[in-house]
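In what follows, chains are A, B, ... by sequence order, proteins preceding strands, each numbered from 1.
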Number of protein chains: 2
Amino acid sequence: MNIRVLNRPIGQASRLRVVQNHCDAHGCTGCLVRHLAICSALPAEEAAALEQHAGDVVVPAGQVLAREGDTRRYVFTVTSGSLRRIRFLPDGRRLVAGFLMPGDFIGFSGATRYRHSIEAIEDSVLCAFSSQDMRELCDRYPELERELLERACVELDNTRNNLMSLARMTPVERLAGFLLDMAARRKRQGLDEASVALPMTRADIADYLGLTVETVSRCFTKLRSQGAIATDDPQHVRLLQPEALEALAEARG
Amino acid sequence: MNIRVLNRPIGQASRLRVVQNHCDAHGCTGCLVRHLAICSALPAEEAAALEQHAGDVVVPAGQVLAREGDTRRYVFTVTSGSLRRIRFLPDGRRLVAGFLMPGDFIGFSGATRYRHSIEAIEDSVLCAFSSQDMRELCDRYPELERELLERACVELDNTRNNLMSLARMTPVERLAGFLLDMAARRKRQGLDEASVALPMTRADIADYLGLTVETVSRCFTKLRSQGAIATDDPQHVRLLQPEALEALAEARG
DNA sequence: CGCTTTGTTGACGGGGTTCAACCGCAGTGG
DNA sequence: CCACTGCGGTTGAACCCCGTCAACAAAGCG
């Protein structure tokens with residue numbers, strides 16, 4: 001059944017400490033992820049309006065930002081670090097529904113409660129708006145709502161691609177696709193796409209790809225022995241033959 | 001690899017014939033799926049504005065409404081019938097990413113081209129708007145854009161639930177969840193939720209649940225022998241013990 | 001140092017895929 | 001009317017991939 005026992009207690013959903021007036025140094029105009037974030041829908045002049053509502057949240061590695069079932073009070077944009085979106089079945093089976101990286105938006109849901117828990121993989125910083133403020137901003141700036149819809153659609157497309165992976169692709173194919181996705185994200189952040197950093201554990205990857213840690217590990221060694229990738233250490237992969245990976249992940253959109 | 005060979009040619013993407021001024025008999029105000037559809041975001045008085053742009057499309061069973069890769073020109077709302085959203089891998093593996101029922105909206109995507117083909121399972125009728133008209137309607141009626149965002153989020157939640165199914169649930173659990181989903185849809189349409197009609201084939205269900213036809217069939221017999229369901233014929237299932245199904249599908253949100 | 005966690009590899013077994021046969025049904029055409 | 005065919009669904013038997021169980025190395029940390 002692939003149930004892993006966690007020896008250390010799951011991090012408590014600590015009371016969110018939202019620091020008002022975030023990015024004191026630069027404000028929204030100097031925001032490092034502005035070009036990636038939803039805020040790019042608004043002209044720079046409106047930054048002041050944004051800043052009035054924005055606040056920063058710092059989440060140390062392993063801590064919980066939001067807990068499944070909690071009432072949704074904030075929406076977030078990841079500024080730095082990385083997080084995982086997870087859910088548990090009653091018997092302990094875990095799903096990782098996705099990884100959240102700088103520029104990603106958290107808060108696409110009509111539900112009044114969180115449908116997934118969100119845990120920090122590394123120390124992370126997020127820019128937070130109360131759901132209410134977000135609603136008001138959307139009413140005031142239709143471009144913002146349009147941008148949100150646009151992003152929700154992209155997210156939907158990506159999630160459907162993952163469906164394809166899980167339903168009909170072999171373990172190696174899934175891993176190849178995953179590595180390419182991570183590379184694409186790095187490129188989006190302006191980093192070198194040939195070397196991919198994997199902040200998450202093998203267990204996270206397994207629960208994301210619908211496999212076991214052992215299978216994930218074996219797939220890594222398989223790709224390595226094929227010469228498609230090289231791993232300096234478990235968290236750092238170099239894509240030696242991206243074409244080979246693409247051939248495997250082919251037709252994932 | 002689970003590749004099924006289709007002996008008959010795949011239906012051609014026939015030129016869409018959009019009949020202007022749809023629902024001649026009643027118009028939008030008399031629309032049977034209005035309460036389910038995005039149009040419910042607008043007051044009935046605005047129906048006239050809608051009708052100017054709406055048109056009907058009739059798709060016979062087995063025919064293709066939209067082909068993966070085609071440029072996206074229309075968005076649709078299903079009025080009657082049912083369709084499947086599919087995609088193929090180059091080697092013939094198929095994924096059914098979802099089923100579309102009355103009230104469902106087709107067109108959540110920023111992409112300029114369709115990411116999936118859409119085929120009619122039964123004879124179906126859809127209400128169509130050109131993407132351009134839809135854009136203009138959204139600009140004019142912010143409530144509409146908000147409704148779209150709302151729906152996209154619901155769709156995203158549902159798709160993530162499916163991820164959970166595919167990644168971490170056993171075949172019987174997946175089937176149980178699927179049957180409950182179908183029952184919930186029937187309820188939404190005001191029909192009896194204890195008896196579920198399955199217009200799609202076992203192959204469709206298999207490709208949707210990430211299984212083979214054989215496994216799906218065996219799961220049906222398993223549920224039947226447990227007394228959880230009864231099947232009058234393959235397309236008509238009665239849910240005798242919904243609680244039993246829920247226990248299986250537990251925690252799928 | 002002990003202890004835990006993470007990652008990797010090996011051996012084994014089971015569940016689902018694969019392969020195959022069969023039935024019922026709907027066309028189809030002699 | 002009845003063979004013939006194709007298709008959808010079900011069931012059985014064999015195989016094999018991946019999950020399970022186990023052992024071990026390396027790294028982090030008190």
Where along residues 221-242 of chain B does a heavy atom fall under 4.0 Å from DNA chain C?
none
Strictly below 4.0 Å, heavy-atom distances to any atom of DNA chain C: list the hits from residues 209-219 of chain B, or just say none.
B/G210, B/L211, B/T212, B/E214, B/T215, B/R218
Can you check the [X] [atom1] to [N] [atom2] distance for me, whole Å?
X	N	atom1	atom2	answer
A/L166	D/dC18	CG	C1'	15 Å
B/R202	C/dG16	CZ	C1'	18 Å
B/D207	C/dT17	CG	P	11 Å
A/F220	C/dT8	CZ	P	7 Å
A/R93	D/dG19	CZ	P	13 Å
B/R4	C/dT17	CZ	P	11 Å
A/N2	C/dG15	CG	C1'	14 Å

With sequence neighbours excluded, tell me which residues meet side-chain hydrogen bond (donor to acceptor under 3.5 Å, both in side chains) with [X].
X	value
B/Q235	none
B/S82	B/E122
B/R218	none
B/S195	none

Of all residues at least two apart in sequence or in a different chain, which pass the salt bridge (charged side-chain N to carboxylate O under 4.0 Å, His left out) check with A/R185?
A/D104
Pairs in or reaching into residues 222-233 of chain A: which pass salt bridge (charged side-chain N to carboxylate O under 4.0 Å, His left out), with residues at least two apart or in two chains?
A/D232-A/R238
Can you run down the salt bridge (charged side-chain N to carboxylate O under 4.0 Å, His left out) pairs that involve residues 191-202 of chain A, sequence neighbours left out, and say none if there aren't any?
A/K187-A/E193
Which protein N or O atoms sit under 3.5 Å from an N or O of nucleotides 23-25 of chain D?
none

With a 4.5 Å heavy-atom cut-off, do B/R168 and A/R94 have their side chains touching?
no
State whether a side-chain donor-acceptor pair under 3.5 Å links A/S109 with B/D157.
yes
Looking at residues at least two apart in the chain, or sitting in another chain, which of them share a ring pair (Phe, Tyr, Trp, His ring centres under 6.0 Å) with A/Y114?
none
Contact list for residues 197-229 of chain B, test ring pair (Phe, Tyr, Trp, His ring centres under 6.0 Å), sequence neighbours left out:
B/F99-B/Y208, B/F178-B/Y208
